[in-house]
There are 2 protein chains.
Amino acid sequence: MRTERHSKHGAPVTMRDIAKEAGVSVATVSHVVNNKQGARIGEETRQRVHEAIDLLGYRTNALAKTLSVGSSRFIGLVADAIATTPFAGQIIHGAQDEAWKHGYVLLVANIDGNKAAENDAIAMMLEHQVRGILYSTWYHREIEVPESLHQTDTVLVDCFSTGSGLPAVVPDEEQGGKAATQELIDAGHQRIAFINTTTPSPALTGRLAGYRSALESSGLEFDASLVISAVPEQEGGYEVTSAIIASGASAVFCHNDRVAMGLYDGLRVRGLDVPKDIAVVGFDNQEVIAAHLRPPLTTVALPHYEIGAAGIRVLLGLEREQDNALYLINCPAIKRQSV
Amino acid sequence: MRTERHSKHGAPVTMRDIAKEAGVSVATVSHVVNNKQGARIGEETRQRVHEAIDLLGYRTNALAKTLSVGSSRFIGLVADAIATTPFAGQIIHGAQDEAWKHGYVLLVANIDGNKAAENDAIAMMLEHQVRGILYSTWYHREIEVPESLHQTDTVLVDCFSTGSGLPAVVPDEEQGGKAATQELIDAGHQRIAFINTTTPSPALTGRLAGYRSALESSGLEFDASLVISAVPEQEGGYEVTSAIIASGASAVFCHNDRVAMGLYDGLRVRGLDVPKDIAVVGFDNQEVIAAHLRPPLTTVALPHYEIGAAGIRVLLGLEREQDNALYLINCPAIKRQSV
DNA sequence: TTGAAAGCGCTAACAA
DNA sequence: TTGTTAGCGCTTTCAA
């Protein structure tokens, strides 16, 4: 039976209390609590200490411990748009799990493009003696690194900054683009259109490169007229429907799931069936959309969870070092029924 | 020009270093750093201290401060599904901003229905001497509170637990349901169907109550045959399309945006136009969907950001106390073009 | 096998 | 106006 003397408020019970209760020194308590190797504690003493702990409801003070031991178990994670999509959430989740696994705790800060908030957040993390910082964005892009980040170990997550020298963990856009296209090729399509984004980004160039690479590997000729640009949203996909049809393609690789969603609409309005008349694959694997469209959308996953987790590993020096400091994470195809 | 002696590694510069450099005592440094009221420091001394700080690149150690001052600036936030939807992210964002405003930092832990992880997370927070804990779920429901939460101040966020005595911040489902229905009534509709969820939940009963209440306020009769149940997903909305049409309704209030999305599909397949043939309103204001459907969906927002922020305020005792410990947050209508 | 004591970086009386 | 001192809760030599 526990007493939990410290309950909600009132002075928390400390090691000293335990020592007194058990009739030993704090050093001894510390030793049994941490199961120290060096010091051998008598079985009987150990018992008494544990009993006192149970009785009084002791819980170690992580902050005091950190101060004493000199290094904290915090890792900071600054995210740029936690509330917009589930993507940032997945990064956090992955980082969280991996950090946890190694005994670290995440200090999360959201900053919506607000430079002042960003600096405050980083300062806060530094003041908390974080082991390092993960700087993440919710979509893959090049960024300019805040000066203060150089005061600790930092790894860029889902973003990069050439010349900063900071390690970066990003999705392998080219491999992803290739995987998407390959799905279509494997289903026998020869004339495959690609709706690319209009926004300059690693996704724009990377996925295009992947598309071409897949075509090439299969001996299919690249036809520039088959790549059509569209705003990377539902509206964009809807608007290029006619162009897609006019292109004579039997399949289309969409820059993302939202574009695919718009295209579905456009196709449906014209009485066309997916995948019978036209096969489509998306990119992102955005659950609400991809899994619930009719028919469910075959797509390529942006592995945000993995990216977050890998970020932690890189920070902790657990990942095999890449000489270019660029860690590419695989984007796997998710097969559903649109091909 | 700064030297940043502590740079990435190597012993960080402490108050003692500053004191030595400025030729004063640490107490003095502490006073100028914290801008203490009581102690008046000579302008010249203050200068010297600031210069030393700039020169050496000093940054306060928040952990040591906490230990000394006795109370930490941490607030724990345990979330149950941070990666699934943007909802959890919005809660975190709101909590984050509000906590920040009051000088607190968020310790975030994600636990996917994993009871063990949950206990670990709470223990971790307690060990870090959190000021309190926000326990949140990503959709409004009744939960069973983990025992350990009673060891600190906690507030339930987007969930509740009758009998636990814990304050809870939740969306006002009834008011939201009423707002949604009212949109339709205001547009002149008299025969309004309601696609409700099949999942027992505060949303099921609350939104229905709101629907009836709106009808009643406008002198419209409630017709049980107009409320149709469906799985709260795209598929559910699609499947009840025929039933909706058969009901003769000129407008429909969908349990959520996903259902509305499915209904849109069903309607389109049948050649029906929204809103000309049938007006529809959703619920949730799930950005990817609601804002990008054609036509954009009028809906009611689930104010997750506000809920997170209010949670912090309740925890810190900044919100006017509710006698039932239930804090209802308003769900505003978001007008777009489906009505 | 156990304990005493110093120290982590900072704050807060209280003196000077 | 500034410095001295005693902690905060814990770890860690070093002695006993």
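The figures that follow rest on heavy atoms only: side chains count, while hydrogens, waters and symmetry mates do not. A note on names: the letters A, B, ... follow the listed sequences, proteins ahead of strands, and every chain is numbered from 1.
Between Tyr139(B) and His304(B), the ring centre distance reaches or exceeds 6.0 Å. Between Tyr135(A) and Phe160(A), the ring centre distance reaches or exceeds 6.0 Å.
Comparing dG3(D), dT2(D), dC10(D) by their closest approach to the side chain of Ile41(B) singles out dT2(D). The listed nucleotides are dT12(D), dC10(C), dG3(D); the one nearest the side chain of Thr28(B) is dG3(D). Among the nucleotides dG9(C), dT13(D), dT4(D), the one closest to any side-chain atom of His31(A) is dT13(D). Of the listed nucleotides (dA5(C), dG9(D), dT4(D)), dG9(D) has the atom at the smallest distance from the side chain of Leu67(B). Of the candidates dC10(C), dC8(C), dT12(D), dT12(D) carries the atom nearest the Lys36(A) side chain, counting heavy atoms from C-beta on. Closest contact between the side chain of Thr45(B) and the listed nucleotides dC10(D), dG3(D), dT2(D) involves dT2(D). Closest to the side chain of Met15(A), from the set dT2(C), dG3(D), dC10(D), is dC10(D). Checked against dG9(C), dC10(D), dG3(D), the side chain of Val24(B) finds its nearest nucleotide in dG3(D). Among dC10(C), dG3(D), dT11(C), the nucleotide with an atom closest to any side-chain atom of Asn61(B) is dC10(C). Among the nucleotides dA12(C), dG7(C), dC10(C), the one closest to any side-chain atom of Ser68(A) is dG7(C).
At whole-Å resolution of the value, CG in Leu63(A) and C1' in dC8(C) are 13 Å apart. As rounded to whole Å, 12 Å separates atom C1' of dG9(D) from atom NZ of Lys65(A). We find that CZ of Arg48(B) is positioned 11 Å from C1' of dT2(D), with the value rounded to whole Å. For Glu43(B) and dT1(D), the CD to C1' distance is 13 Å, given to the nearest whole Å. In this structure, CZ of Arg73(B) is placed 15 Å from C1' of dT11(C), rounded to the nearest angstrom. For Leu56(A) and dG9(D), the CG to C1' distance is 16 Å, given to the nearest whole Å. Atom NZ of Lys20(A) is separated from atom P of dG9(D) by 12 Å (rounded to the nearest Å). Rounded to whole Å, atom P of dT1(C) lies 10 Å from atom CZ of Arg46(A).
At a cut-off of 3.5 angstrom, counting only N and O atoms as typed in the model, there is no donor on one side facing an acceptor on the other between the side-chain of Thr60(A) and the base of dG9(D).
In terms of position along DNA chain D, the nucleotide closest to Ala27(B) lies nearer the 5' end than the nucleotide closest to the other residue of the pair Ala27(B) and Ala62(A). Summary of the strand contacts: Glu44(A) and Val26(B) both lie near DNA chain C, and taking for each the nucleotide with the nearest heavy atom, the more 5' one is attributed to Glu44(A).
Comment: Arg313(B) engages Glu306(B) in a salt bridge, judged by a side-chain N to carboxylate O separation of less than 4.0 angstrom. Between Lys115(B) and Glu118(B) there is a salt bridge, since a side-chain N of the basic residue sits under 4.0 Å from a carboxylate O of the acidic one.
Put simply, the side chain of Arg73(B) gets close to the backbone of Gly103(B): a donor and an acceptor are under 3.5 Å apart.
Taking the six-membered ring where tryptophan is involved, the planes of Tyr305(B) and His93(B) are perpendicular, since the angle between them exceeds 60° and thus also 30°.
When heavy atoms are screened at a 4.0 angstrom cut-off, Val29(B) is found touching no nucleic acid atom at all. Here Gly42(B) lies in heavy-atom contact (under 4.0 Å) with sugar-phosphate atoms only.
Under 4.0 angstrom from either OP1 or OP2 of dT11(D) there lies at least one side-chain N or O belonging to Ser30(A).
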